[in-house]
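In this text the structure is predicted, and so the values were computed from the model without any measurement. First the proteins, then the strands, lettered A, B, ... as listed; each starts at 1.
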Amino acid sequence: MMSFYDKIYEVVSKIPKGYVMTYGQVAALCGSPKASRVVGYALHKNPLPGVIPCHRIVNRFGYLSGGFAFGGIEVQKHLLENEGVFVDENYKVDLDKFQLKAYNL
DNA sequence: ATCCTGACCTAGC
DNA sequence: AGCTAGGCCAGGA
């Protein structure tokens with residue numbers, strides 16, 4: 001059954017390399033702008049490891065959620081930098097440059 | 001079966 | 001201008 005989680009996974013998995021998206025953005029694309037919490041929780045469970053690039057998801061301010069990442073926020077930071085996304089020392093990303101504004105399915 | 005919680009965001013006081 | 005509360009969905013006890 002296609003639930004919100006499935007949509008979230010699909011949207012997140014389609015984020016191009018070198019870009020990031022916010023929870024609210026993903027939630028809005030799934031049909032509920034207020035369901036940003038659900039997005040975070042969906043990624044928290046991460047039922048499809050390797051398929052879902054959780055490291056490309058950041059909060060409203062561009063900061064990495066950290067904590068429940070693959071092995072640490074530092075790893076997440078490294079992965080983003082490896083994809084060409086510059087990450088600040090405070091684990092913050094330049095949304096102006098790296099946030100995927102226009103999402104085309 | 002119900003209640004609580006959880007990587008967030010927006011609005012109201 | 002800073003803090004509190006509410007809204008969304010699904011899973012675990």
Side-chain angles (χ1 to χ4, degrees):
Chain A
M1 173 181 177
M2 275 292 279
S3 55
F4 251 83
Y5 276 38
D6 295 303
K7 293 180 186 174
I8 293 167
Y9 300 140
E10 192 167 346
V11 171
V12 174
S13 62
K14 284 179 180 172
I15 299 176
K17 176 184 174 185
Y19 285 92
V20 296
M21 272 185 96
T22 64
Y23 295 93
Q25 216 173 353
V26 176
L29 289 171
C30 289
S32 296
K34 297 179 183 177
S36 48
R37 295 185 60 169
V38 189
V39 177
Y41 198 53
L43 297 176
H44 168 71
K45 294 192 304 180
N46 197 3
L48 306 175
V51 182
I52 305 173
C54 308
H55 58 279
R56 292 179 189 156
I57 307 298
V58 295
N59 62 14
R60 215 355 181 159
F61 300 96
Y63 287 100
L64 306 184
S65 309
F68 284 94
F70 334 82
I73 187 171
E74 296 183 14
V75 178
Q76 184 174 2
K77 175 175 177 288
H78 212 76
L79 284 170
L80 288 172
E81 289 181 334
N82 191 31
E83 292 185 349
V85 179
F86 177 75
V87 182
D88 195 286
E89 289 184 354
N90 292 323
Y91 306 105
K92 179 185 170 188
V93 180
D94 275 327
L95 292 178
D96 187 47
K97 294 181 180 177
F98 302 110
Q99 182 182 22
L100 186 60
K101 298 165 188 172
Y103 186 82
N104 303 319
L105 288 171

Undergrad: What is the separation between atom CZ on A/F4 and atom P on C/dG11, rounded to the nearest whole Å?
TA: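 So the two atoms are 14 Å apart, to the nearest Å.
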Undergrad: Counting only distance, no hydrogens or angles, is the base of B/dC9 paired donor-acceptor with the side chain of A/S36 under 3.5 Å?
TA: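 Such a pair does not exist between side chain and base.
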Undergrad: Within this structure, what is the NZ-to-P distance between A/K7 and C/dC8, rounded to whole angstrom?
TA: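 So the two atoms are 15 Å apart, to the nearest Å.
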Undergrad: Got A/C30 and A/V11 here, is their nearest side-chain heavy-atom distance under 4.5 Å?
TA: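 Heavy-atom side-chain distance check passes, below 4.5 Å.
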Undergrad: Using atom CG of A/L43 as one end and atom C1' of B/dA7 as the other, report the distance to the nearest whole Å.
TA: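 One finds 7 Å between C1' of B/dA7 and CG of A/L43, rounded.
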Undergrad: What is the distance, to the nearest angstrom, from the CZ atom on A/F61 to the C1' atom on B/dT10?
TA: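 Going from A/F61 (CZ) to B/dT10 (C1'), I get 11 Å.
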Undergrad: Treating Ile, Leu, Val, Met, Phe, Trp and Tyr as nodes and any side-chain heavy-atom pair under 4.5 angstrom as an edge, say whether A/L100 and A/I52 lie in one connected cluster.
TA: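 Per the 4.5 Å side-chain linkage, A/L100 and A/I52 are co-clustered.
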Undergrad: May I ask you to list the residues of residues 10-24 of chain A, by number, that have any heavy atom positioned under 4.0 Å from an atom of DNA chain B?
TA: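 Under 4.0 Å from DNA chain B: A/Y23, A/G24.
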Undergrad: How long is the span from the CZ atom in A/R56 to the OH atom in A/Y19, to the nearest 0.5 Å?
TA: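 Between A/R56 CZ and A/Y19 OH, I get 12.0 Å after rounding to 0.5 Å.
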Undergrad: Taking atom C1' of B/dA7 as reference, at what distance in whole Å does atom OH of A/Y41 sit?
TA: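 One finds 11 Å between C1' of B/dA7 and OH of A/Y41, rounded.
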Undergrad: Say we look at C/dA10 and B/dT10: how far apart would their C1' atoms be, to the nearest angstrom?
TA: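 It comes out at 22 Å once rounded to the nearest Å.
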Undergrad: Do A/D94 and A/D88 make a side-chain contact, defined as non-hydrogen atoms from C-beta onward lying under 4.5 Å apart?
TA: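 Contact flag for A/D94/A/D88 side chains = no.
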Undergrad: Over 60° means perpendicular and under 30° means parallel, so classify the ring planes of A/Y9 and A/Y5, tilted if in between.
TA: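 Ring orientation of A/Y5 relative to A/Y9: perpendicular.
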Undergrad: Using the P atom as the reference point in each nucleotide, state the distance between C/dA5 and B/dC4 in Å, no decimals.
TA: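 Their P atoms lie roughly 16 Å apart.
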Undergrad: Quick one: ring-ring contact (aromatic ring centres under 6.0 Å, His included) pairs with a partner in residues 81-105 of chain A, sequence neighbours left out?
TA: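 Residue pairs passing ring-ring contact (aromatic ring centres under 6.0 Å, His included), neighbours aside: none found.
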Undergrad: Between A/Y5 and A/K34, which has a closest nucleotide on DNA chain C that is more 5'?
TA: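 It is A/K34, whose closest nucleotide lies nearer the 5' terminus.
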Undergrad: Could you state the OH-P distance from A/Y9 to C/dA10, rounded to the nearest angstrom?
TA: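 A/Y9 atom OH is separated from C/dA10 atom P by 10 Å.
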Undergrad: Of all the nucleotides listed (C/dC9, B/dA7, C/dG11), which has the minimum atom distance to the side chain of A/S65?
TA: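 From the listed options, B/dA7 comes nearest.
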Undergrad: How many angstroms lie between atom CD of A/E74 and atom NZ of A/K77, to the nearest 0.5 angstrom?
TA: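 Rounded to the nearest 0.5 Å, the CD-NZ separation comes to 8.0 Å.
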Undergrad: Just compare B/dG6, B/dA7, B/dT10 and give me whichever is closest to any side-chain atom of A/R60.
TA: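 Of all the options, the side chain of A/R60 is nearest to B/dT10.
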Undergrad: Expressed in angstrom and rounded to an integer, what is the separation of A/H44 atom NE2 from B/dC4 atom P?
TA: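 Answer to the nearest Å: 19 Å.
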Undergrad: Out of C/dA10, C/dC8, B/dA7, which nucleotide sits closest to the side chain of A/C54?
TA: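 That would be B/dA7.
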Undergrad: Can you tell me how far C1' of B/dC8 sits from CD of A/Q99, to the nearest Å?
TA: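 After rounding, the reported distance stands at 14 Å.
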